[in-house]
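Worksheet: the structure to be examined is printed underneath.
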Amino acid sequence: MQIEFQILRQTPDTAPKLDRFTVEADSSETILSCLNRIKWEQDGSLAFRKNCRNTICGSCSMRINGRSTLACKENIAGEMARLGTASGETPTMTIAPLGNLPVVKDLIVDMKPFWDDLEKVEPYVSTSSRQLPEREFLQSPDERAEFNATGNCILCGACYSECNAKEVNPNFVGPHALAKAQRLLADDRDDRREARLESFDNPDSGVWGCTRCYYCNSVCPMEVSPLDRISEIKGEILDRSTKDDSRPIRHRKVLLELVEEGGWIDERKFSLQVIGNYFKDLQGLLDIAPLGLRMLANGKFPVRFDPSEGSAEVRGLIAAVKAATQATTKAGA
Amino acid sequence: MLKYAYFPGCVAQGACSELDLSTKALAKKLDIELLELKRAACCGSGTFKEDSQLLEDTVNARNIALAEELNLPLLTHCSTCQGVIGHVDERLKDAKENDPEYFDRVNGFLSQEHCTPYRGSTDVKHLLWAIVSDYGIDKVREKVSRKLSGLKCASFYGCYLLRGESHLAYDDPYNPQSMENVFEAVGATPIIYEGRTKCCGWPLSSYATDKAFSMAGMHLQAAIDAGADCLVTPCPLCHLNLDSRQPEVEKAWGQKLGLPVLHLPQLVALALGVSPKELGMGKHVVSTRSVLQKLGF
């Protein structure tokens, strides 16, 4: 069948332009196989990375029809199903380079910021553990299973490319790095756990910089689910923190307290307690005062709050789950 | 007649009461019966999971079980509620088959606190999915009494609606069409722009406010540049960051934006002949007057 490719091509010195190619291929063929055919048979100057052809090396990541993925993993039939191509219609595949990274040429991006960000979480089992004892390190299958998900990461950059937090915050280390960070926290051979947790506990480069857009979970070709790993790190930080420690921590703790209190969130209290820190943060209060007045002026300020009729049940349920998880954490420790 | 267990969520009972008004007005127009879950609780908006997966699953298993008691699907009108509760439903239905120990653990907490156990017998459905899959776009089109001709609408889907659940039954998470199909059905013109599937910035707004405003500013500007008269969102949390905080976003962005942001049921109900007042169109921070003028109100 005939397949049309429109490929975004550029160099650092030229504006991006769409080049069109028509390929004769079977619907079971991968996008990578079609790109190879274009390069070998139609335009040798088309630049893209490739290596294993087998979803192992992570080299051929690019944006295919609007999301970052591996060209060797996706095939024409799958893309046609996604795009809803009608039978008889010539399918069009739109190919672009990864996002959040500078383009070197066509579909090749400069991965340096990606590697630099990974380096920031010190992605190695700590130095003291690497001084080898007489016997090798023993790790049970259960202990190893703690980081099975992150162990699958092939560092292809798909999550980094779509990360909405990275798009507005160059300091955020990115989902790949924080997934790796969780892997090290979960590795019982690592002895820098406390220092690591402290370094990830900040709203700029660390876990609270994540905006939970779910793109990383959604596009990851290896089911690493970076957002879930970030949530696990957040959980560990929350376990050892109090409301006074920082605003992102207070945000989580106050939210839960308000649900325990009224089933639903009383938004009036939420802002005052999280941002105003119970009237202790005067700058915070000043910052949200215009918002409060604006909401009042437009009839949006919630003047009353009706608790859920099931508040008592919810309170009991949260207390029971908390007691059980805390008991497990203690037993684990 | 379609019937749902209506999960109102926190924001529609608080800062976006106009969403509650308009969902109810739309349901009435479409002859959809809503039974409000008055005993339900906040889904946690994705933060319960940060405490523990068990907490998110247990609180929301109870929410779903309340709908199951009524033998009805649970209806949300918030992208975040949908992504969170819908994903819990997916996970627990899977656990029922593949991890009965975990399934029983969740239900053990519910029994212990005298709540009805979760059975995994119903669905969690956003109003948008109810419109496109249960009611049907064509039937909406037939009901239109006041075509919104000439109104250029840019969608803002909300992350959790598109990517919160593992399997999205009614749309594509990267190139969704449901909102645009609704726009066409009510006679409006869809505007496609970069940003309609992205994060509004709300989750960061209480502590990384500058980043939250950058995201909002970037998307509002992109919609304006593409020619939009308004944004339309199925998520009240997006509405909070894009509408209620738009004056602050403008300051951070360094440019006047002034783009009205409508809730999905407001837009549809306007086309079905409900008055702007009944839909709380005056309860927005960015005035909706320009939209109403364009429609001849």
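Letters A, B, ... are given to chains in the order of the sequence lines, protein chains preceding strands, and every chain is numbered from 1.
In this structure, chain B has no heavy atom under 4.5 Å from any part of A/Glu162. For B/Val106, no part lies under 4.5 angstrom from a heavy atom of chain A. Of the atoms belonging to B/Ser244, heavy atoms from both backbone and side chain fall under 4.5 Å from chain A. Using a 4.5 Å cut-off between heavy atoms, B/Asp51 contacts chain A through both its backbone and its side chain. For B/Glu18, the part lying under 4.5 angstrom from a heavy atom of chain A is the side chain only. With a threshold of 4.5 angstrom between heavy atoms, A/Val219 approaches chain B through its backbone and through its side chain. The parts of B/Cys16 that come within reach of chain A are both its backbone and its side chain, each placing non-hydrogen atoms under 4.5 angstrom from that chain.
Closest approach of B/Ser206 to A/Val274, counting heavy atoms only: OG-CG1, 4.0 Å. Heavy atoms only, all atoms of each residue included: B/Ala41 and A/Trp264 are closest at C-CZ3, 3.6 Å. Taking each heavy atom of B/Lys49 and A/Asp228 in turn, the nearest pair found is NZ-OD1, 3.1 Å. A pairwise comparison of heavy atoms in B/Met215 and A/Ala165 identifies CE-CA, 4.0 Å as the closest pair.
The closest side-chain donor-acceptor pair between A/Ser246 and B/Tyr207, if any, does not fall under 3.5 angstrom.
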